[in-house]
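Report on the structure given below.
Each chain gets a letter, A, B and so on, in the order its sequence line appears, and its residues count up from 1.
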There are 2 protein chains.
Amino acid sequence: MEDLDLKRQRIFGRQVKRLREEKGLSQDDIAARCRVTKGSLSVIENGNRNFSFTTLLALAKALEVEPKMLLDIDFELFSE
Amino acid sequence: MEDLDLKRQRIFGRQVKRLREEKGLSQDDIAARCRVTKGSLSVIENGNRNFSFTTLLALAKALEVEPKMLLDIDFELFSE
């Protein structure tokens, strides 16, 4: 796992956690709303999983945001 | 694989293909710019792969677009 990939997974994880907390939702709430388990959500929020496209969509739906909102952050893709 | 997942993978695949062609890039061009092989790109564009988060970022970089642009489409998430 390249460091850059890990860094970007962490950037994404923080975004999910931020949006979740902004909406006053717990990890249990998210797990109850979609097929992402509490354990998986915790690993994703900590940036330790290269999750799939359909998991991203499931998280967006559970958080009630458009999928692109989850990626509306600077991944420093073009500054390497 | 739920039909809805497949449908959304196809929606995403068409978006990638549209952006690639708009920029006048071939599948070979994209494969040369990032670690996604031509074969994988073809499967993704046809909606037949549940690709990973880091693959999404690699595609965005190769297409020279922000990652959220790849998801700037209606996945009909909230109309089920």
**Q.** Region of A:F75 in contact with chain B, defined by heavy-atom distances below 4.5 Å
**A.** side chain

Q. So if you build clusters from Ile, Leu, Val, Met, Phe, Trp, Tyr with side-chain heavy-atom gaps below 4.5 Å, do B:L19 and B:V43 land together?
A. no

Q.
Going by salt bridge (Lys or Arg N to Asp or Glu O under 4.0 Å), name the residues that satisfy it together with B:K23, two or more places apart in sequence or in a different chain.
A. none

(Q) Main chain of A:L25, side chain of A:R20: is a donor-acceptor contact present, judged purely on distance under 3.5 Å? (A) yes

Q) Which one, A:L56, A:D74, A:I73, A:V65, leads in non-hydrogen pairs under 4.5 Å with chain B? A) A:V65

Q) Does the side-chain hydrogen bond (donor to acceptor under 3.5 Å, both in side chains) test come out yes or no for B:R8 and A:T54, once each step is laid out? A) CA-CA 8 Å; B:R8 289 165 182 155; A:T54 53; over 6 Å; no

Q. Which region of B:A58, side chain (C-beta onward) or backbone (N, CA, C, O), has a non-hydrogen atom less than 4.5 Å from a non-hydrogen atom of chain A, or is it both or neither?
A. neither

